[in-house]
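Any value given below was found using the heavy atoms of this structure, including those in side chains, with hydrogens, waters and symmetry copies removed.
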Amino acid sequence: MKGFISKETHPVYVILLLLAFMIGGYFVGSFIFAVLATTVFNIGFVEMPDIALDPASHPSGRNIMLLLQGVVQFMSFIVGPLIMLRVLRYKIDPYLNWKMPVTPLLVLLSGILMIIIMPANSVVINWNATLNFPDFMNEFEQWARAKEDELAELTKLIANFDDVPKLLVGLLVIAVIPAIGEEIVFRGVLQKQLHRWTGNPHVAIWIAGLVFAAIHVQFFGFVPRAILGALFGYLYFWSGRISVPIVAHFFNNGFTVLLLYLQQTGAVDFDVESTEPMNWWSVLISFLLSAAVLYYLYTEFKEVPRRNDALPEPAAESEL
(Lines give C-alpha, C1' and ligand atoms only; values in the text may rest on other atoms or scores of the structure.)
Protein backbone atom coordinates (compact mmCIF):
# COMPACT_ATOMS: atom_id res chain seq x y z
CA MET A 1 0.00 0.00 0.00
CA LYS A 2 1.29 3.42 -0.87
CA GLY A 3 1.78 5.78 2.03
CA PHE A 4 3.21 9.08 3.11
CA ILE A 5 6.38 7.25 4.14
CA SER A 6 8.35 4.31 2.77
CA LYS A 7 6.78 0.87 2.80
CA GLU A 8 9.59 -0.37 5.03
CA THR A 9 8.42 1.83 7.91
CA HIS A 10 5.29 0.26 9.36
CA PRO A 11 2.65 2.66 10.71
CA VAL A 12 2.81 0.98 14.13
CA TYR A 13 6.52 1.79 14.25
CA VAL A 14 5.81 5.43 13.40
CA ILE A 15 3.08 5.63 16.08
CA LEU A 16 5.44 4.12 18.67
CA LEU A 17 8.12 6.60 17.66
CA LEU A 18 5.58 9.39 18.04
CA LEU A 19 4.83 8.23 21.57
CA ALA A 20 8.54 8.00 22.39
CA PHE A 21 9.27 11.52 21.12
CA MET A 22 6.24 12.89 22.97
CA ILE A 23 7.48 11.29 26.20
CA GLY A 24 10.92 12.74 25.52
CA GLY A 25 9.33 16.14 24.95
CA TYR A 26 7.44 15.77 28.22
CA PHE A 27 10.63 15.23 30.22
CA VAL A 28 12.49 18.03 28.45
CA GLY A 29 9.50 20.31 28.98
CA SER A 30 9.33 19.36 32.66
CA PHE A 31 13.00 20.26 33.06
CA ILE A 32 12.53 23.62 31.30
CA PHE A 33 9.49 24.29 33.47
CA ALA A 34 11.45 23.50 36.63
CA VAL A 35 14.21 25.93 35.66
CA LEU A 36 11.71 28.67 34.77
CA ALA A 37 9.59 28.09 37.88
CA THR A 38 12.57 28.33 40.23
CA THR A 39 13.63 31.57 38.53
CA VAL A 40 10.26 33.26 38.10
CA PHE A 41 8.41 32.08 41.22
CA ASN A 42 11.39 31.48 43.52
CA ILE A 43 10.36 27.95 44.45
CA GLY A 44 12.62 24.97 45.07
CA PHE A 45 12.60 21.68 43.17
CA VAL A 46 11.36 19.82 46.26
CA GLU A 47 8.29 22.07 46.46
CA MET A 48 7.13 21.42 42.91
CA PRO A 49 5.45 18.01 43.41
CA ASP A 50 3.44 19.38 46.35
CA ILE A 51 2.36 22.44 44.36
CA ALA A 52 1.37 20.25 41.41
CA LEU A 53 -0.80 18.10 43.72
CA ASP A 54 -2.37 21.08 45.47
CA PRO A 55 -1.76 24.27 43.45
CA ALA A 56 -4.31 26.23 45.51
CA SER A 57 -1.96 25.97 48.50
CA HIS A 58 0.59 28.29 46.85
CA PRO A 59 -0.06 32.01 46.21
CA SER A 60 1.19 31.63 42.64
CA GLY A 61 -0.33 28.19 42.12
CA ARG A 62 -2.50 29.26 39.19
CA ASN A 63 0.38 30.85 37.29
CA ILE A 64 2.67 27.92 38.06
CA MET A 65 0.16 25.43 36.65
CA LEU A 66 -0.37 27.54 33.53
CA LEU A 67 3.39 27.67 33.00
CA LEU A 68 3.63 23.91 33.52
CA GLN A 69 0.80 23.18 31.11
CA GLY A 70 2.06 25.57 28.45
CA VAL A 71 5.72 24.49 28.46
CA VAL A 72 5.06 20.74 28.73
CA GLN A 73 2.38 20.77 26.03
CA PHE A 74 4.57 22.83 23.72
CA MET A 75 7.50 20.43 24.06
CA SER A 76 5.57 17.14 24.03
CA PHE A 77 2.86 17.93 21.44
CA ILE A 78 4.68 20.31 19.09
CA VAL A 79 8.47 20.08 19.38
CA GLY A 80 8.68 16.32 19.99
CA PRO A 81 6.46 15.25 17.05
CA LEU A 82 8.08 17.75 14.64
CA ILE A 83 11.54 16.47 15.58
CA MET A 84 10.28 12.92 14.96
CA LEU A 85 9.14 13.87 11.46
CA ARG A 86 12.56 15.34 10.71
CA VAL A 87 14.36 12.31 12.14
CA LEU A 88 12.32 10.15 9.76
CA ARG A 89 13.38 12.54 6.97
CA TYR A 90 9.94 13.86 6.17
CA LYS A 91 9.50 17.28 4.65
CA ILE A 92 7.08 18.60 7.25
CA ASP A 93 5.09 20.87 4.95
CA PRO A 94 4.10 18.36 2.23
CA TYR A 95 3.61 15.70 4.89
CA LEU A 96 1.08 17.77 6.83
CA ASN A 97 -0.29 19.69 3.81
CA TRP A 98 -0.72 17.48 0.77
CA LYS A 99 -3.18 19.79 -1.01
CA MET A 100 -2.86 23.30 -2.36
CA PRO A 101 -3.68 26.18 0.04
CA VAL A 102 -7.37 26.90 0.54
CA THR A 103 -8.96 30.34 0.68
CA PRO A 104 -8.84 32.07 4.08
CA LEU A 105 -12.65 32.26 4.01
CA LEU A 106 -12.92 28.45 4.12
CA VAL A 107 -10.42 28.27 6.99
CA LEU A 108 -12.37 30.93 8.88
CA LEU A 109 -15.67 29.17 8.18
CA SER A 110 -14.22 25.96 9.61
CA GLY A 111 -13.56 27.86 12.83
CA ILE A 112 -16.97 29.51 12.90
CA LEU A 113 -18.52 26.05 12.49
CA MET A 114 -17.22 25.19 15.97
CA ILE A 115 -19.30 28.02 17.42
CA ILE A 116 -22.39 27.22 15.33
CA ILE A 117 -22.35 23.59 16.45
CA MET A 118 -22.17 24.34 20.19
CA PRO A 119 -25.95 24.40 20.89
CA ALA A 120 -26.42 21.05 19.14
CA ASN A 121 -23.43 19.63 20.97
CA SER A 122 -24.92 20.71 24.32
CA VAL A 123 -27.45 17.86 24.03
CA VAL A 124 -24.64 15.30 23.74
CA ILE A 125 -22.70 17.00 26.54
CA ASN A 126 -25.71 16.77 28.85
CA TRP A 127 -26.36 13.11 28.00
CA ASN A 128 -22.73 12.15 28.63
CA ALA A 129 -22.45 14.21 31.84
CA THR A 130 -25.49 12.48 33.37
CA LEU A 131 -24.61 9.00 32.13
CA ASN A 132 -24.96 6.16 34.66
CA PHE A 133 -22.78 3.10 34.21
CA PRO A 134 -24.07 -0.46 34.85
CA ASP A 135 -23.49 -2.00 38.28
CA PHE A 136 -20.48 -4.07 37.24
CA MET A 137 -18.70 -0.82 36.29
CA ASN A 138 -19.42 0.87 39.61
CA GLU A 139 -15.76 1.08 40.65
CA PHE A 140 -14.81 2.61 37.30
CA GLU A 141 -17.66 5.13 37.58
CA GLN A 142 -16.52 6.19 41.05
CA TRP A 143 -12.94 6.59 39.82
CA ALA A 144 -14.12 8.53 36.75
CA ARG A 145 -16.31 10.83 38.88
CA ALA A 146 -13.43 11.47 41.28
CA LYS A 147 -11.10 12.23 38.37
CA GLU A 148 -13.71 14.54 36.88
CA ASP A 149 -14.06 16.43 40.17
CA GLU A 150 -10.28 16.70 40.52
CA LEU A 151 -9.88 18.14 37.03
CA ALA A 152 -12.85 20.46 37.61
CA GLU A 153 -11.11 21.94 40.67
CA LEU A 154 -7.91 22.46 38.68
CA THR A 155 -9.88 24.07 35.82
CA LYS A 156 -11.67 26.34 38.28
CA LEU A 157 -8.29 27.48 39.62
CA ILE A 158 -6.58 28.23 36.31
CA ALA A 159 -9.67 29.47 34.43
CA ASN A 160 -9.48 32.92 35.99
CA PHE A 161 -9.57 35.37 33.10
CA ASP A 162 -10.94 38.52 34.72
CA ASP A 163 -8.55 40.92 32.99
CA VAL A 164 -6.99 41.22 29.54
CA PRO A 165 -3.47 39.93 30.39
CA LYS A 166 -4.97 36.79 31.97
CA LEU A 167 -7.23 36.40 28.94
CA LEU A 168 -4.25 36.54 26.57
CA VAL A 169 -2.28 34.01 28.62
CA GLY A 170 -5.36 31.77 28.76
CA LEU A 171 -5.78 31.95 24.98
CA LEU A 172 -2.11 31.02 24.50
CA VAL A 173 -2.05 28.08 26.94
CA ILE A 174 -5.59 26.74 26.51
CA ALA A 175 -6.30 27.59 22.86
CA VAL A 176 -3.20 28.25 20.74
CA ILE A 177 -0.76 25.58 21.98
CA PRO A 178 -3.32 22.73 22.24
CA ALA A 179 -4.80 23.60 18.84
CA ILE A 180 -1.42 23.37 17.11
CA GLY A 181 0.00 20.48 19.11
CA GLU A 182 -3.03 18.21 19.34
CA GLU A 183 -3.82 18.60 15.64
CA ILE A 184 -0.24 17.76 14.65
CA VAL A 185 -0.32 14.67 16.88
CA PHE A 186 -3.85 13.32 16.42
CA ARG A 187 -4.62 14.38 12.87
CA GLY A 188 -1.24 15.06 11.27
CA VAL A 189 0.47 11.88 12.47
CA LEU A 190 -1.87 9.43 14.22
CA GLN A 191 -4.83 9.73 11.85
CA LYS A 192 -2.61 9.66 8.79
CA GLN A 193 -0.71 6.58 9.92
CA LEU A 194 -3.94 4.78 10.90
CA HIS A 195 -5.27 5.64 7.44
CA ARG A 196 -2.15 4.22 5.84
CA TRP A 197 -2.39 1.09 8.00
CA THR A 198 -6.10 0.35 7.51
CA GLY A 199 -6.67 1.92 4.10
CA ASN A 200 -9.97 3.29 5.46
CA PRO A 201 -10.13 7.03 6.19
CA HIS A 202 -13.26 6.76 8.34
CA VAL A 203 -11.74 4.11 10.61
CA ALA A 204 -8.62 6.26 10.97
CA ILE A 205 -10.62 9.42 11.71
CA TRP A 206 -12.79 7.81 14.40
CA ILE A 207 -9.99 5.89 16.11
CA ALA A 208 -7.90 9.08 16.27
CA GLY A 209 -10.98 10.89 17.62
CA LEU A 210 -11.48 8.26 20.33
CA VAL A 211 -7.82 8.44 21.36
CA PHE A 212 -8.09 12.25 21.37
CA ALA A 213 -11.06 12.01 23.75
CA ALA A 214 -9.46 9.36 25.98
CA ILE A 215 -6.21 11.27 26.51
CA HIS A 216 -8.12 14.07 28.25
CA VAL A 217 -9.18 11.57 30.97
CA GLN A 218 -12.63 13.12 31.34
CA PHE A 219 -15.03 10.25 30.71
CA PHE A 220 -18.17 12.27 31.42
CA GLY A 221 -17.22 14.43 28.47
CA PHE A 222 -15.80 11.58 26.38
CA VAL A 223 -18.50 11.28 23.71
CA PRO A 224 -18.79 14.97 22.71
CA ARG A 225 -14.99 15.24 22.69
CA ALA A 226 -14.71 12.14 20.47
CA ILE A 227 -17.25 13.62 18.07
CA LEU A 228 -15.31 16.87 18.07
CA GLY A 229 -12.09 14.98 17.35
CA ALA A 230 -13.74 13.16 14.44
CA LEU A 231 -15.03 16.49 13.12
CA PHE A 232 -11.48 17.88 13.17
CA GLY A 233 -10.41 14.69 11.42
CA TYR A 234 -12.89 15.10 8.58
CA LEU A 235 -11.96 18.75 8.13
CA TYR A 236 -8.33 17.66 7.78
CA PHE A 237 -9.15 14.74 5.49
CA TRP A 238 -11.29 16.87 3.18
CA SER A 239 -9.03 19.94 3.08
CA GLY A 240 -5.59 18.31 3.09
CA ARG A 241 -4.34 21.27 5.13
CA ILE A 242 -3.38 21.00 8.81
CA SER A 243 -4.22 24.70 9.26
CA VAL A 244 -7.94 23.94 8.88
CA PRO A 245 -8.37 21.70 11.98
CA ILE A 246 -5.90 23.89 13.88
CA VAL A 247 -8.08 26.97 13.32
CA ALA A 248 -11.25 24.99 14.12
CA HIS A 249 -9.66 23.67 17.32
CA PHE A 250 -8.54 27.18 18.28
CA PHE A 251 -12.04 28.59 17.76
CA ASN A 252 -13.52 25.82 19.91
CA ASN A 253 -11.17 26.37 22.85
CA GLY A 254 -10.70 30.10 22.39
CA PHE A 255 -14.42 30.87 22.26
CA THR A 256 -14.88 29.11 25.60
CA VAL A 257 -12.01 31.11 27.14
CA LEU A 258 -13.54 34.32 25.76
CA LEU A 259 -16.96 33.45 27.21
CA LEU A 260 -15.36 32.79 30.60
CA TYR A 261 -13.68 36.20 30.42
CA LEU A 262 -17.00 37.87 29.57
CA GLN A 263 -18.72 36.00 32.42
CA GLN A 264 -16.06 36.90 34.96
CA THR A 265 -16.06 40.57 33.94
CA GLY A 266 -19.86 40.70 34.17
CA ALA A 267 -20.51 41.16 30.45
CA VAL A 268 -22.66 38.01 30.34
CA ASP A 269 -24.57 36.35 33.16
CA PHE A 270 -25.08 32.75 32.01
CA ASP A 271 -23.09 29.75 33.28
CA VAL A 272 -20.49 29.01 30.62
CA GLU A 273 -19.49 25.70 32.23
CA SER A 274 -23.05 24.36 32.55
CA THR A 275 -23.74 20.89 31.10
CA GLU A 276 -27.45 21.61 30.68
CA PRO A 277 -28.79 21.44 27.09
CA MET A 278 -29.70 24.69 25.39
CA ASN A 279 -33.21 25.62 24.19
CA TRP A 280 -34.70 23.18 21.69
CA TRP A 281 -35.05 25.83 18.99
CA SER A 282 -31.37 26.85 19.29
CA VAL A 283 -30.40 23.17 19.13
CA LEU A 284 -32.49 22.68 15.98
CA ILE A 285 -31.11 25.80 14.27
CA SER A 286 -27.59 24.80 15.29
CA PHE A 287 -28.00 21.30 13.86
CA LEU A 288 -29.39 22.52 10.52
CA LEU A 289 -26.80 25.27 10.10
CA SER A 290 -23.95 22.95 11.08
CA ALA A 291 -25.08 20.34 8.56
CA ALA A 292 -25.30 22.99 5.83
CA VAL A 293 -21.85 24.43 6.62
CA LEU A 294 -20.29 20.95 6.78
CA TYR A 295 -21.72 20.04 3.39
CA TYR A 296 -20.51 23.31 1.90
CA LEU A 297 -17.00 22.80 3.31
CA TYR A 298 -16.93 19.22 2.04
CA THR A 299 -17.85 20.24 -1.50
CA GLU A 300 -15.38 23.13 -1.54
CA PHE A 301 -12.49 21.18 -0.03
CA LYS A 302 -13.13 18.29 -2.41
CA GLU A 303 -12.20 20.55 -5.34
CA VAL A 304 -8.84 21.60 -3.86
CA PRO A 305 -6.08 20.02 -6.01
CA ARG A 306 -3.12 18.07 -4.71
CA ARG A 307 0.29 19.67 -4.51
CA ASN A 308 2.83 18.52 -7.06
CA ASP A 309 5.52 18.11 -4.38
CA ALA A 310 3.30 16.10 -2.01
CA LEU A 311 4.23 12.53 -1.22
CA PRO A 312 2.00 9.68 -2.45
CA GLU A 313 -1.27 9.32 -0.60
CA PRO A 314 -2.89 6.19 0.81
CA ALA A 315 -5.05 4.45 -1.77
CA ALA A 316 -8.29 5.70 -0.21
CA GLU A 317 -7.13 9.30 0.28
CA SER A 318 -9.22 10.72 -2.53
CA GLU A 319 -12.36 8.83 -1.56
CA LEU A 320 -14.98 9.86 0.99
Side-chain angles (χ1 to χ4, degrees), residues 96-128 175 179-180 182-184 186-188 190-192 194-196 198-213 221-256 277-307 310 313-320:
L96 295 175
N97 302 294
W98 70 89
K99 285 188 175 183
M100 297 296 290
V102 298
T103 62
L105 178 62
L106 291 178
V107 180
L108 179 62
L109 187 58
S110 300
I112 294 173
L113 172 64
M114 297 301 108
I115 299 174
I116 296 173
I117 208 171
M118 284 182 175
N121 198 35
S122 70
V123 176
V124 184
I125 291 172
N126 176 257
W127 170 81
N128 199 171
I180 297 172
E182 291 179 6
E183 292 313 304
I184 290 174
F186 294 108
R187 259 56 69 179
L190 180 60
Q191 177 178 308
K192 190 172 294 185
L194 289 170
H195 184 185
R196 177 176 173 252
T198 64
N200 188 317
H202 308 291
V203 170
I205 287 167
W206 282 99
I207 291 178
L210 291 171
V211 175
F212 168 75
F222 181 90
V223 176
R225 191 170 279 114
I227 293 172
L228 194 65
L231 182 56
F232 294 150
Y234 279 107
L235 289 174
Y236 183 45
F237 174 65
W238 294 337
S239 68
R241 307 290 301 183
I242 195 65
S243 60
V244 173
I246 286 176
V247 169
H249 198 144
F250 170 78
F251 266 69
N252 180 76
N253 292 18
F255 187 67
T256 301
M278 299 183 70
N279 296 327
W280 69 268
W281 53 267
S282 65
V283 171
L284 179 60
I285 293 173
S286 169
F287 178 80
L288 294 175
L289 280 177
S290 298
V293 172
L294 270 173
Y295 182 74
Y296 176 76
L297 288 172
Y298 162 64
T299 56
E300 291 296 312
F301 286 145
K302 188 178 180 180
E303 300 303 317
V304 179
R306 276 182 54 82
R307 292 172 46 167
E313 308 172 61
E317 183 66 48
S318 61
E319 302 170 6
L320 177 63

Minimum heavy-atom separation for [X] and [Y], please, with both atom names.
{"X": "Ser290", "Y": "Ile116", "value": "OG-CG2, 3.6 Å"}
{"X": "Val107", "Y": "Val102", "value": "CG2-CG2, 3.5 Å"}
{"X": "Gly221", "Y": "Asn128", "value": "C-OD1, 3.4 Å"}
{"X": "Pro119", "Y": "Met278", "value": "CA-SD, 3.5 Å"}
{"X": "Ser122", "Y": "Val283", "value": "OG-CG2, 4.2 Å"}
{"X": "Val244", "Y": "Ser110", "value": "CG1-OG, 3.4 Å"}

Going by heavy atoms in the side chains, are [X] and [Y] under 4.5 Å from each other?
{"X": "Val293", "Y": "Ile112", "result": "no"}
{"X": "Leu194", "Y": "Val203", "result": "no"}
{"X": "Arg187", "Y": "Leu96", "result": "no"}
{"X": "Val247", "Y": "Leu108", "result": "no"}
{"X": "Tyr296", "Y": "Leu109", "result": "yes"}
{"X": "Ile205", "Y": "Phe232", "result": "no"}
{"X": "Met114", "Y": "Leu235", "result": "yes"}

To the nearest 0.5 Å, how far apart are [atom1] in [X] and [atom2] in [Y]?
{"X": "Ile184", "Y": "Leu190", "atom1": "CD1", "atom2": "CG", "result": "13.5 Å"}
{"X": "Ser286", "Y": "Asn279", "atom1": "OG", "atom2": "CG", "result": "12.0 Å"}
{"X": "Leu284", "Y": "Leu289", "atom1": "CG", "atom2": "CG", "result": "9.5 Å"}
{"X": "Trp280", "Y": "Ile285", "atom1": "CH2", "atom2": "CD1", "result": "8.0 Å"}
{"X": "Leu228", "Y": "Asn253", "atom1": "CG", "atom2": "CG", "result": "8.0 Å"}

*Quick one: side-chain hydrogen bond (donor to acceptor under 3.5 Å, both in side chains) partners of Asn252, sequence neighbours excluded?*
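So Asn252 forms no side-chain hydrogen bond (donor to acceptor under 3.5 Å, both in side chains) with any residue.
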_Listed partners of Gln191 passing side-chain hydrogen bond (donor to acceptor under 3.5 Å, both in side chains), at least two apart_ =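 For Gln191, no residue satisfies side-chain hydrogen bond (donor to acceptor under 3.5 Å, both in side chains) once neighbours in sequence are set aside.
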*Please work out which of the three classes, parallel, tilted or perpendicular, describes the rings of Trp238 and Tyr234, given edges at 30° and 60°.*
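Because their plane-to-plane angle lies in the 30° to 60° range, the rings of Tyr234 and Trp238 count as tilted.
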_Counterpart residues, salt bridge (Lys or Arg N to Asp or Glu O under 4.0 Å), relative to Arg241 (two or more places apart)_ =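 By the salt bridge (Lys or Arg N to Asp or Glu O under 4.0 Å) rule, Arg241 matches no residue at all.
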*Taking Lys99 for its side chain and Glu303 for its backbone only, find out whether a donor-acceptor pair lies under 3.5 Å.*
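The answer is no, because no donor-acceptor pair under 3.5 Å joins these two groups.
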*More than 12 heavy atoms from other groups under 6.0 Å of CZ on Phe222*: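 Yes, enclosed.
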_Proximity of His249 and Phe212 rings by center, below 6.0 Å_ =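 That pair passes the under 6.0 Å test.
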*asked:* Looking only at the aromatic ring of each residue, does the gap between the centers of Trp98 and Tyr236 stay below 6.0 angstrom?
replied: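 Yes, the ring of Tyr236 comes within the 6.0 Å limit of the ring of Trp98, centre to centre.
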